[in-house]
Amino acid sequence: MTAISVIGIVIALIFCNYSVYRGLGLALAAVFSCFIIWITGGVSISAGWDSAITELEPYLGAMIPIYIFGGILGLFYAKSGAAASLSLACFRPFKNAKNPKVKMLGTIFMFFIMRVLLTLSGIDNMALIVTTVAMVAVMCEELDIPRKYANCLLMISGTIPTFMPGAPTMMNVILP
């Protein structure tokens with residue numbers, strides 16, 4: 001049964017990423033992916049829910065204020081135009097590159113660097129998602145990249161700082 005549940009998780013991750021890429025909303029894709037995991041996991045809903053709530057409760061109390069603060073801060077950055085101007089300032093070194101591949105790779109590299117620096121600033125990696133969505137929208141516009149690739153850019157740029165030692169992410173708080 002364990003092998004089937006692991007296969008179910010892999011299928012759910014692939015389904016979620018592919019369906020978002022094809023245009024399905026992220027919330028709906030996540031619900032369908034959870035349904036796939038629930039079917040292949042073999043755990044009853046009530047037992048899984050009770051176990052998840054009792055184990056997750058202490059972390060939610062510690063992390064939800066950080067998420068709320070990061071979301072509000074990101075909304076201020078996005079609505080005021082600060083995230084867009086920060087993005088344009090970071091992308092400036094590669095704006096006039098003659099080679100389009102150098103321009104694209106350099107701009108994406110600068111976006112990743114900016115994401116790492118924002119994560120190391122003291123706000124949780126996932127709480128910065130509002131700010132980085134505004135930044136990746138500017139980057140897609142600058143490079144003429146279709147916005148359907150924004151999900152991939154956000155996942156990769158969010159994964160890099162998660163594994164950095166000392167970064168204030170939920171993984172580094174929960175694992176010890």
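Sequence positions, counted from 1, serve as the residue numbers for this chain.
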| request: Answer yes or no: is there a side-chain heavy-atom contact under 4.5 Å between Val138 and Leu88? | output: yes

| message | If hydrophobic clusters are built from ILVMFWY residues whose side chains come within less than 4.5 Å, do Leu154 and Met114 share one? | response | yes

| So which heavy atom on Ser157 is nearest to which on Arg115, and how close? | O-CG, 3.0 Å

| request: Specify the closest pair of heavy atoms between Ala12 and Ile37, including all atoms of both residues, with the distance to one decimal. | output: CB-CG1, 3.6 Å

| With hydrophobic residues grouped by side-chain heavy-atom distances under 4.5 Å, do Val6 and Ile14 end up in a single group? | no

| said: For Leu24 and Phe32: C-alpha separation, side-chain torsions, deciding distance, then whether side-chain contact (heavy atoms from CB on, under 4.5 Å) applies. | reply: CA-CA 11 Å; Leu24 186 66; Phe32 287 142; 4.2 Å; yes

| message | Please say yes or no: joined through hydrophobic side-chain contacts below 4.5 Å, possibly via intermediate residues, are Tyr18 and Met155 part of one cluster? | response | no

| field | More than 12 heavy atoms from other groups under 6.0 Å of CZ on Phe91 | value | yes

| query | Of all heavy-atom pairs between Met110 and Cys90, which one has the smallest distance, and what is that distance? | reply | CE-O, 3.4 Å

| remark: Distance col, row Cys16:SG vs Leu28:CG, nearest 0.5 angstrom, shows 10.0 Å

| task | Output the distance between atom CD1 (Ile156) and atom CG (Asn151), rounded to the nearest 0.5 Å. | result | 10.0 Å

| In one Ile/Leu/Val/Met/Phe/Trp/Tyr side-chain cluster, 4.5 Å: Ile11, Val20 | no

Donor-acceptor pairs under 3.5 angstrom involving side-chain atoms of residues 92-107: please list them, not counting sequence neighbours.
from	atom 1	to	atom 2	distance (Å)
Asn99	OD1	Lys101	N	3.2
Thr107	OG1	Lys103	O	2.6

| field | Shortest non-hydrogen contact between Cys140 and Ala150, atoms and distance | value | SG-CB, 4.4 Å

| said: Distance check, rounded to the nearest 0.5 Å: Ile9 atom CD1 versus Ile36 atom CD1? | reply: 11.5 Å

| query | Relative to the ring of Tyr21, is the ring of Tyr149 parallel (under 30°), tilted (30 to 60°) or perpendicular (over 60°)? | reply | tilted

| request: Please name the pair of heavy atoms, one in Phe111 and one in Leu153, separated by the smallest distance, quoted to 0.1 Å. | output: CE2-O, 4.1 Å

